[in-house]
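Report on the following structure.
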Amino acid sequence: MAITSQMTLLLSLFFSVYIHISASTESDFLLSFKDSIDDPLSLLASWSNTTTNHHCNWTGVTCIATKDGLSVSSLNLQSLNLSGEISATICKLPNLYHLNLADNLFNQPIPLHLSQCGSLETLNLSNNLIWGTIPNQISQFDSLRILDFSRNHVEGMIPGNIGLLKKLEVLNLGKNLLSGNVPFGVGNLTELTVLDLSENPFLASEIPTGISKLIKLEQLLLQSSGFYGAIPDSFKDLKSLSTLDLSQNNLTGVLPQSLGLVSLEKLVSFDISENKLFGSFPHGVCDAKGLMTLSLHTNFFNGSVPNSSTSGCLNLERFEIQNNGFSGHFPDGLWSLPKIKIIRAENNRFSGKIPESISMAKQLEQVQIDNNTFISKLPQGLGQVKSLYKFSASVNGLYGEIPHNFCDSPVMSIINLSHNYLTGPIPELKKCRKLVSFSLADNNLVGEIPHSLAAFPVLTYLDLSHNNLTGSIPKELQNLKLALFNVSFNGLSGEVPQSLITGLPASFLQGNPGLCGQGLPNSCGGNKSKHEVAGVSKMVSVIISLALSLAIVILIAGVYVMFRSSKQNSQMGAWRSVFFYSLRVTEQDLLVAMDDKAARGSGGAFGKVYIINLPSGEHVAVKKILNFESQSLKTLKAEIKTLAKIRNKNIAKILGFCYSSDALILIYEHLPKGSLGNMIASPDFQLSWDVRLRIATGVAQGLAYLHQDYVPRLLHRNVKSTNVLLDENFEPKITDFALDRIVGEAAFQSSVLSASSGSCYIAPESGYSKKATEQMDTYSFGVMLLELVTGRAADEKIESGEGEFLDIVKYVRRKINITNGAIQVVDPKISNSSAQQAILRALDIAARCTSVAPEKRPPMCEVVRALQSL
Ligand SMILES: *[C@@H]1O[C@H](CO)[C@@H](O)[C@H](O)[C@H]1NC(C)=O
Ligand SMILES: *[C@@H]1O[C@H](CO)[C@@H](O)[C@H](O)[C@H]1NC(C)=O
Ligand SMILES: *[C@@H]1O[C@H](CO)[C@@H](O)[C@H](O)[C@H]1NC(C)=O
Ligand SMILES: *[C@@H]1O[C@H](CO)[C@@H](O)[C@H](O)[C@H]1NC(C)=O
Ligand SMILES: *[C@@H]1O[C@H](CO)[C@@H](O)[C@H](O)[C@H]1NC(C)=O
Ligand SMILES: *[C@@H]1O[C@H](CO)[C@@H](O)[C@H](O)[C@H]1NC(C)=O
Ligand SMILES: *[C@@H]1O[C@H](CO)[C@@H](O)[C@H](O)[C@H]1NC(C)=O
Ligand SMILES: *[C@@H]1O[C@H](CO)[C@@H](O)[C@H](O)[C@H]1NC(C)=O
Ligand SMILES: *[C@@H]1O[C@H](CO)[C@@H](O)[C@H](O)[C@H]1NC(C)=O
Ligand SMILES: *[C@@H]1O[C@H](CO)[C@@H](O)[C@H](O)[C@H]1NC(C)=O
Ligand SMILES: *[C@@H]1O[C@H](CO)[C@@H](O)[C@H](O)[C@H]1NC(C)=O
């Protein structure tokens, strides 16, 4: 007895010591792992043995109880901004099963030494900066079940012996730079449930036939890579497949006739869009009847014919085969699947009907079958699908009348039935209050435009052109916020509501000889003006493409263009606005926000600029212009649109404008760091030379773009450092450009130029030259470059040393003509830097830009090259 109790004591002593040792060594391994890691945000602060915190409680550490006490089983250190080296000491943890270092900044080759981790089953290095090739030794990771190297820079071929990772269940190499052929050995990974090789644009491979051996595969993701050739016949063996994505490859050939029937059974998502596949779709896909015929031919179902509820596809939610060259009969069974949400087959040559049984597709959200040869009536059943939000079937052979319940889905927002053979009247549509885009163009519709259309609150795009509509245009349509209104080539007559002619929507009215109104060939009252009509249609055709592409962008990408009118506001006068981006404010919000708190600067040309913080958190700069030339509204809009279309990273965007009869409000993008001018003027102006050079180069690129690349070519005419905004990375954006085009030359001269007369930004020839030139912009740019080099604001007068006060240009000119003078003008904060040579060359560029003789100034594109060479 005594002996036993002594033994017990000894044993328990031994165990407690053992546990203690094992615990402290595990924490030492962790600490030594941490030693080689950079943890800039100190998110691993809890990893420390100075505290009493047990290492199993450290950030990201999970332990399991083993017979020897607690032991680390999992390290989850994802998304901690870690970098440095992944050290092999981690492998001394005997029970480490899971290692997740995803979403960090590890920048190294694949850490092969981790194959020493004998227990490791999961290795996740997704979304790091891992580079280099996958070495043959990858086969040493033979204990792994889950391997995720996705979203890195792994390159080269996939080694053949990857097939030796026999236990692998998940292999994700997506979004890397892999190249070449996918080895046959992949077919030996028979435990795989997920294989992701997507987004490897340099792969050039056929789909390896060995893939058919992966019978446990549930997800096969090969999209947006370089797969070519045919889809192998053996796909039919992938019976567990639920997600198949082969989209955006170079696959070609016909689909194997066996495809789908079996494999579709568990399939949820099927996407083979954007390939070069052709031929008819396998017979009877997702179709009970088809299944029967097929089963008799192939004997696959071994005599027992499945009934419709046991047939394939019952789980299918997504079916995307668009942008291929398929032909033949579209699989009928698809239309009535209980879970189907998306059917996309546009841009093929399918024939077929849309059956009444579509009403059974209770989850259907989106149908796109444009540009096929469906010959069908529109089924009544469509109106019973209450989840449908998009139905696009343009360019087909749809005929018959549009059913009255057609737009009954409460979420319906996009309907495109253009270029078909629909007849009869357009039914009064009432229930689809979310309708945004409605196109029935180029059918054989008769009757009147339904008045109910005017009641749709968000209708933006309405195209009824090329039909046989008669009657007048309902006045109520004026109330819509339309971006496009096209009723051309119908038999409409009567007076056109004024705002549909001169208002903001791109209006298409031609081809309706009976229509009358101001600016149309027939004016309802009497006097006509052919000239003006030509103007209207020209302007219309100029903005048609803009309007169309904007409309498409609204609908598809969710980017929003809103044309609002707010005639109802009597207090502030009638304001109208055009927003080129979604701002989610009204002109009233803007006017209210333009108070003294938001005002910036001392005013300058055209009064104050207001910086306004939008509900979205964005900043906009708002400039109110009072005295501008009364250009016609159309000219004004066209000019602002011209400027708003500029897309250059160094040019601030015009987000929109509002106008009333006597004022114009321009809305520019604004950046929270504010302007370069303010920065230079502040006493603690501190930017390094590299940053200054980047700013100068950016501004020069922006100007070169305006001068040379944009059509029409533009002049800025007001270059100065306060018109250069900086983003958080000090990338510059030029603002306030080409105002002359908006306000008119005379108003521009009298405000902008007079406000800055005497400013040293103005080129000397401006006083006598009638015409504005690129060289004048170059001069102003040169002055700004001098500000960057000298660290002095342009309007600061500088004591020359001889009791004289000079502006920056004269001062520099005088100094650089004396020995060693150049270096004296350089901002002392940067003059000692190693970049002294570059700084002096930049000073030389600035001096050339500010040459008195315009012809000696280099063009901006040359300035860009010169600055880049520094
Ligand atoms: C942790 O503690 C051990 C012994 O208690 C000591 O040897 C080691 O230096 C400590 N490590 C750190 C990083 O403080
Ligand atoms: C971890 O912390 C909790 C509470 O903070 C504590 O109850 C537990 O004992 C700690 N675990 C270890 C192994 O020290
Ligand atoms: C993490 O690193 C990224 C990239 O360097 C950086 O953009 C991000 O701000 C960092 N996150 C934090 C919280 O510092
Ligand atoms: C790897 O980690 C990333 C980031 O958390 C995660 O999205 C991904 O699903 C993980 N991979 C696997 C195979 O679990
Ligand atoms: C696949 O496995 C088989 C049988 O285990 C073997 O003979 C073959 O060499 C392996 N193929 C590859 C490419 O690894
Ligand atoms: C598809 O093939 C064509 C020529 O056959 C080639 O130009 C193109 O780059 C390939 N596209 C992809 C995504 O591999
Ligand atoms: C078909 O049935 C026969 C006998 O009933 C059976 O031996 C065979 O395995 C079945 N084939 C399939 C594919 O199920
Ligand atoms: C079809 O099969 C299901 C499940 O196997 C069964 O419940 C149903 O009664 C069958 N229907 C017919 C018409 O045979
Ligand atoms: C219509 O589809 C065919 C393929 O069937 C394609 O070649 C053609 O470009 C498509 N037309 C449009 C306008 O996309
Ligand atoms: C409607 O379809 C036609 C023809 O495919 C297309 O040109 C037009 O842009 C579509 N309209 C919308 C709003 O998408
Ligand atoms: C449309 O009107 C034109 C001219 O009135 C007529 O020739 C044509 O047959 C009409 N089409 C239909 C489908 O009614």
Side-chain angles (χ1 to χ4, degrees), residues 60 74-80 82 97-104 106 121-128 130 144-152 168-175 192-196 218-219 221 273-280 321-328 330 344-351 366-374 390-396 398 413-420 435-443 459-466 482-486 506 544-557 561:
S74 159
L75 269 185
N76 184 354
L77 303 179
Q78 72 170 26
S79 311
L80 300 177
L82 303 178
Y97 295 110
H98 307 291
L99 179 57
N100 183 352
L101 301 173
D103 292 331
N104 282 297
F106 290 106
E121 295 187 349
T122 305
L123 177 57
N124 192 342
L125 286 169
S126 173
N127 200 19
N128 275 281
I130 306 290
L144 283 184
R145 288 190 303 109
I146 296 179
L147 178 57
D148 191 341
F149 285 156
S150 61
R151 303 158 67 78
N152 280 292
L168 220 48
E169 292 165 20
V170 174
L171 175 59
N172 189 345
L173 301 174
K175 206 158 198 294
L192 272 192
T193 58
V194 177
L195 176 59
D196 188 341
E218 291 167 12
Q219 296 185 30
L221 306 172
S273 61
E274 298 187 49
N275 279 290
K276 295 170 183 160
L277 298 162
F278 55 82
S280 63
I321 57 172
Q322 71 271 19
N323 298 326
N324 278 292
F326 290 120
S327 54
F330 187 78
R344 290 191 60 180
E346 70 267 24
N347 300 325
N348 283 292
R349 286 186 290 277
F350 280 115
S351 56
Q366 185 179 341
V367 172
Q368 287 176 255
I369 52 169
D370 312 73
N371 186 19
N372 280 288
T373 49
F374 282 88
K390 176 169 189 174
F391 187 85
S392 195
S394 65
V395 197
N396 272 292
L398 304 182
S413 53
I414 300 170
I415 295 176
N416 194 344
L417 296 172
S418 59
H419 309 290
N420 280 295
L435 195 62
V436 174
S437 168
F438 190 40
S439 177
L440 298 175
D442 188 22
N443 280 286
L459 189 61
T460 313
Y461 181 104
L462 179 59
D463 191 348
L464 307 175
S465 63
H466 295 271
L482 290 171
L484 181 135
F485 175 70
N486 192 349
I544 174 173
S545 54
L546 179 66
L548 279 177
S549 49
L550 283 182
I552 289 163
V553 168
I554 299 169
L555 305 173
I556 294 166
V561 180

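Counting convention: from 1, in listed order, for ligands and their atoms alike. Sequence positions, counted from 1, serve as the residue numbers for this chain. Just so it is clear, the model here is predicted, and its values are computed rather than measured.
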Show the nearest heavy-atom pair for residues Ser392 and Asn416, with the distance to one decimal.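 It is OG-CB, 3.4 Å.
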How far is [atom] from its nearest protein heavy atom, and which residue and atom is that?
atom: atom 9 (O) of ligand 9; answer: Asn371 ND2, 4.7 Å
atom: atom 14 (O) of ligand 4; answer: Asn124 ND2, 4.0 Å
atom: atom 7 (O) of ligand 9; answer: Arg349 NH1, 4.9 Å

Exercise check, heavy-atom protein proximity under 4.0 Å to [atom]:
atom: atom 11 (N) of ligand 4; result: yes
atom: atom 5 (O) of ligand 9; result: yes
atom: atom 2 (O) of ligand 4; result: yes

Looking at Phe326, is its backbone amide N or carbonyl O close enough to the side chain of Asn324 to form a donor-acceptor pair, meaning the two atoms are under 3.5 Å apart?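 No; zero donor-acceptor contacts below 3.5 Å.
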For ligand 4, does Ile146 get within less than 4.0 Å through its side chain, its backbone, both, or neither, judged by non-hydrogen atoms?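 Contact part for Ile146 vs ligand 4: side chain (C-beta onward).
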Heavy-atom pairs closer than 4.0 Å: do any link ligand 4 to the side chain of Val194, the backbone, both, or neither?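 The answer is neither; Val194 stays 4.0 Å or more away.
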Is there a nitrogen or oxygen of [X] sitting under 3.5 Å from a nitrogen or oxygen of ligand 10?
X: His419; result: no
X: Ser394; result: yes
X: Ser418; result: yes

Would you mind listing which atoms of ligand 4 come within a distance below 4.0 Å of any non-hydrogen atom of [X]?
X: Gln78; value: 2 (O), 4 (C), 5 (O)
X: Asp103; value: 4 (C)
X: Ala102; value: 2 (O), 3 (C), 4 (C)

Side chains of Asn100 and Thr122: closer than 4.5 Å at any heavy-atom pair?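 No, their side chains stay 4.5 Å or more apart.
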Under the rule for salt bridge (Lys or Arg N to Asp or Glu O under 4.0 Å), what residues qualify as partners of Glu121, not counting sequence neighbours?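 Testing Glu121 for salt bridge (Lys or Arg N to Asp or Glu O under 4.0 Å), a comparison that skips the adjacent residues, returns Arg145.
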Trace of the side-chain contact (heavy atoms from CB on, under 4.5 Å) decision for Asn104 with Leu80: CA-CA 6 Å; Asn104 282 297; Leu80 300 177; 3.9 Å; yes
No-hydrogen, no-angle side-chain donor-acceptor test under 3.5 Å, [X] and [Y]:
X: Asn128; Y: Asn152; result: no
X: Asn348; Y: Asn372; result: no
X: Ser351; Y: Thr373; result: no
X: Asn127; Y: Asp103; result: yes

Of the backbone atoms (N, CA, C, O) and the side-chain heavy atoms from C-beta on, which set of Asn348 has a member under 4.0 Å from an atom of ligand 9: side chain, backbone, both, or neither?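 Under 4.0 Å from ligand 9, Asn348 contributes backbone atoms alone.
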Enumerated ligand 10 atoms positioned under 4.0 Å from heavy atoms of Asn416: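 Under 4.0 Å from Asn416, ligand 10 has these atoms: 1 (C), 2 (O), 3 (C), 8 (C), 10 (C), 11 (N), 12 (C), 14 (O).
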Report, in ascending order of atom number, the atoms of ligand 10 lying under 4.0 Å from any heavy atom of Val395.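 Counting from 1, the qualifying ligand atoms are 4 (C), 5 (O).
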Sub-4.0 Å heavy-atom approach of Ser437 to ligand 10: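 Flag set, Ser437 near ligand 10.
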With only distance considered, is Ser126 within less than 3.5 Å of ligand 4 through an N or O on each side?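 For ligand 4, there is no N or O atom that lies under 3.5 Å from one belonging to Ser126.
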Given the rule in the side-chain contact (heavy atoms from CB on, under 4.5 Å) test, do His419 and Asp442 qualify, once you have shown the distances and angles that lead to the verdict? CA-CA 5 Å; His419 309 290; Asp442 188 22; 2.7 Å; yes
For Phe374 and Phe350, take the angle between the two ring planes, folded into 0 to 90°, and tell me which bin it lands in: parallel under 30, tilted 30 to 60, perpendicular over 60.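 The arrangement is tilted - the two ring planes meet at 30° to 60°.
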Can you measure from CG (Leu168) to OG1 (Thr193) and round to the nearest 0.5 angstrom?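 Interatomic distance, Leu168 CG to Thr193 OG1, rounded to 0.5 Å: 9.0 Å.
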